[in-house]
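Quick caveat, the model's predicted, so the values are computed rather than measured.
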Amino acid sequence: MEDTYNNRTSLVKGAKDMVKEAKRHAAKKVNKAVDRATDEYSTHRNYSRFQDEEEEDEDFYRNPPRQRDAESYPDNEEGGSSDATEGHDDEDEIYEGEYQGIPKQKEGQVALGQPTSDASRDRRELEREREADEEELAQQYELIIQECGHGRFQWQLFLVLGLALMSDGVEVFVVGFVLPSAETDMCVPDSSSGWLGSVVYLGMMVGAFFWGGMSDKVGRRQCLLICMSTNGFFAFLSSFVQGYGLFLLCRLIAGFGIGGAVPIVFSFFAEVLSREKRGEHLSWLCMFWMIGEIYASAMAWAIIPHYGNWSFSMGSAYQFHSWRVFVVVCALPCVCAVVALTFMPESPRFYLEVGKHDEAWMILKQIHDTNMRARGQPEKVFTVNRIKIPKQLDELVEMESESGNPIYINLLKCFNYPMRENMMRLTIVWLTLSFGYYGLSVWFPDVIKHLQADEYASKVKIHTNERIEDFTFNFTLENQIHKNGVFISDRFINMKLKSVTFVDSTFRNCFFEDVSTVGSFFRNCTFIDGFFYNTDIDESKLIDGTEVINSTFAHNKTGCQMTFDDDYSAYWVYFINFLGTLAVLPGNIVSALLMDKIGRLSMLGGSMVLSGISCFFLWFGTSESMMIFMLCLYNGLSISAWNSLDVVTTESFPTVRRGTGFGFCNALCKFAAVMGNLIFGSLVGITKAIPSSWRPQFWLGAA
């Protein structure tokens, strides 16, 4: 009996050894199948053979050698079992399209090819393994996205992310449109003017880097929801605050929120597109930034100049002027984006990078089913049941190697080999392109206003040595200069002085009631026995040695008197910006249609060269019509460069660092915008030589 028992035990051990050997050969066979699928994708982009091999492997595991060779070991049928058959249930079937996930190891079991823990292995070796896994995942993910197809889901996400990108375009132009109105309404002195534009860009710069980096750690959808909600809330709040300091704070936080829109939107959308459609559809997505420009320009043109129609007050302390209504209207795209984004899932590519394969599979199946139902093929089954996951390092190794700010660590990896050279090139292009674009965006409108002011000043009427007695002025005086005049017992009642200057004049026994002045001054004048009631004539208007003798001021108007009826260029400036944004439309269409045909870099370089050359024609901009034409020309030529740069930047980084890299580049964009605004703005009215030479040199050098 003892010999029989020993023989039986030996047979069981032999069977177990055979099963283990069969498992080892099966693992090799699966690896070979993955390699063949990769090779076949690179040549024919065919996924069928990979699926066939997987089916063979599944058959192997359903009918392992232990079951097929059971007849050779009849003694094992009574009580013997092995690891391969223990706990097996005949009803545990695997159907087509059922997700099997990643085979999990038993506690204490060592996987093939990983005999030791990550903590005891070399960090570089572990990173090399992860990079190899990421490359394999990228190839398999491309096949999965192709199987999911391009259809209703991508177009739904396209519209939702487009609203977010539109909000970024609106935010950039809101600053320039409300800047003069807000500073005038809040009585901001000249020493503090201009802070609004700089503060908003500063917030966008910090927000781009922060939210872009957080999207690589937390997720695209969640970060986009938070940053868009922040922008919408504080943008809406800024329209109600009265103090300039609080208004600056609200716009700073709103800019910080919207700063994350561009890097997250492009990263998110690129991760649900196949490689062959990525360039074209990312270019179409760029059109929403242009739509944001058009929306902001049109709303500014329709709302801000109509001071009386859109304004109301709640007592004398609270004034809600038309520019505040404009700020509320410009927050609507952001609110719509937040609401729509709540119905969209997270990026499946991000889930795969962080090891959440079950969630990723569910979203990919949702994409597939949504597109198939839209095509009229609801019965088509999602056949993917296994997805390669990049190696997740042990927590101990992660804590030791990435102690500190994870965003900063991720950014440093963007400057490591082999990404260092591409990162430096992107940095140069983003800086130069943004400096020229945003700088000239400020310079063109200011130059046009400067030309308008010169033309307006050339039509001034000059009156000298006039003497007027006992006359009632109850009409508007505009664009006039009165020198050495004498006004005796005259009445100035319910009138406006627009760009009127009195020089070395005398007012004796004159009465002023309900008088408003815009750009009007009294230089070295004398007021004797005068009476001022409900006027805005104060020390700021009485300059250069003006004397007031025995005169009375009663119920003077306080605060800043703001009315767009007195701004002769308000309508014109907004209309010019509206035309400039419309000129971008042809460039957007051309770049979208040709992006995948002529290549990203060719379009980027060609657009930058053409835009740089066009700036040499600034020398001939001597009239408003010529400058408007130049504005439209450079906007139309430069938009292709922006679209190409967005696509190139998106595709230059791996998924795990895409948000961080894009966010850093977009932060450089906002920094260059601040520098461009300051430098180009100081050149208005001085010379056209520097703007027309700097821009081509920067752009041609970057190209």
Side-chain angles (χ1 to χ4, degrees), residues 164-176 178-179 194-217 223-224 226-235 238 247-267 289 292-293 296 330 334 405-408 410-412 414-415 423-424 426-442 642 645-646 649-650 653 657-681 698 702:
L165 194 60
M166 177 182 173
S167 302
D168 182 84
V170 169
E171 185 73 18
V172 169
F173 281 81
V174 165
V175 175
V178 305
L179 186 60
W195 273 103
L196 178 58
S198 301
V199 161
V200 171
Y201 278 121
L202 178 63
M204 296 177 74
M205 178 180 68
V206 177
F209 177 69
F210 176 79
W211 293 115
M214 287 298 296
S215 69
D216 287 333
K217 299 297 181 181
C223 280
L224 189 58
I226 297 174
C227 71
M228 295 300 295
S229 300
T230 302
N231 171 257
F233 176 77
F234 283 96
S238 67
F247 183 76
L248 282 179
L249 178 62
C250 288
R251 297 313 302 186
L252 172 66
I253 301 176
F256 172 76
I258 199 63
V262 172
I264 299 178
V265 162
F266 282 99
S267 300
W289 203 87
E293 296 181 44
C330 287
C334 181
N405 190 337
I407 300 177
Y408 178 72
N410 220 14
L411 177 62
L412 291 181
C414 294
F415 286 93
M423 192 65 181
M424 295 304 298
L426 287 173
T427 299
I428 295 173
V429 175
W430 273 96
L431 281 174
T432 54
L433 185 60
S434 304
F435 180 82
Y437 179 84
Y438 286 100
L440 284 181
S441 294
V442 172
W642 280 109
L645 185 58
D646 289 334
T649 306
T650 303
F653 299 99
R657 287 186 286 276
R658 183 172 292 137
T660 303
F662 205 129
F664 175 76
C665 292
N666 201 252
L668 292 178
C669 169
K670 299 306 184 287
F671 172 76
V674 173
M675 300 304 298
N677 289 343
L678 295 175
I679 295 176
F680 280 76
F698 282 155

Margin query: Using side-chain heavy atoms (C-beta onward) and a distance below 4.5 Å, is Leu426 in contact with Phe653?
Written below: yes

Check: Are side-chain N/O atoms of Arg658 and Ser267 paired as donor and acceptor at under 3.5 Å?
Finding: no

Checklist line | Criterion side-chain contact (heavy atoms from CB on, under 4.5 Å) on Phe671 and Leu202, from CA distance to verdict | finding: CA-CA 7 Å; Phe671 172 76; Leu202 178 63; over 6 Å; no

Note to self: Less than 4.5 Å apart, side chain to side chain, heavy atoms only: is that true for Ile226 and Trp211?
What the structure shows: yes

Check: So do the side chains of Phe256 and Phe210 get within less than 4.5 Å of each other, counting heavy atoms only?
Finding: yes

Check: Does the side chain of Met166 reach to within under 4.5 Å of the side chain of Glu171, using non-hydrogen atoms?
Finding: no

Notebook entry, point to check: Mind checking whether Ser167 and Ile258 have side chains closer than 4.5 Å, heavy atoms only?
Noted result: yes

Next item on the list: Please check if the distance between the ring centroids of Tyr437 and Trp642 is under 6.0 Å.
Entry: yes

Next item on the list: Please report the closest heavy-atom contact between Ala672 and Ser434, naming both atoms and the distance.
Entry: CB-CB, 3.7 Å

Check: Less than 4.5 Å apart, any side-chain heavy atom of Phe415 and any of Leu411?
Finding: yes

Next item on the list: Take Tyr438 and Val674 through the side-chain contact (heavy atoms from CB on, under 4.5 Å) test and state the conclusion after the steps.
Entry: CA-CA 8 Å; Tyr438 286 100; Val674 173; over 6 Å; no

Check: What's the shortest heavy-atom distance between Ser238 and Cys250, and which atoms?
Finding: CB-CB, 3.6 Å

Checklist line | Greater than 12 external heavy atoms within 6.0 Å of Phe173's CZ | finding: yes

Check: Would a line drawn from the ring center of Phe266 to the ring center of Phe662 be shorter than 6.0 Å?
Finding: yes

Next item on the list: List the atom of Thr649, the atom of Cys665, and the distance in Å for their closest heavy-atom pair.
Entry: CG2-SG, 4.2 Å

Item checked: For the student: nearest non-hydrogen atoms of Gly259 and Asn666, plus distance -> O-OD1, 4.0 Å

Check: Heavy-atom distance under 4.5 Å between the side chains of Leu252 and Val200, does that happen here?
Finding: no

Item checked: side-chain contact (heavy atoms from CB on, under 4.5 Å) between Val172 and Met204, worked out -> CA-CA 9 Å; Val172 169; Met204 296 177 74; 3.8 Å; yes

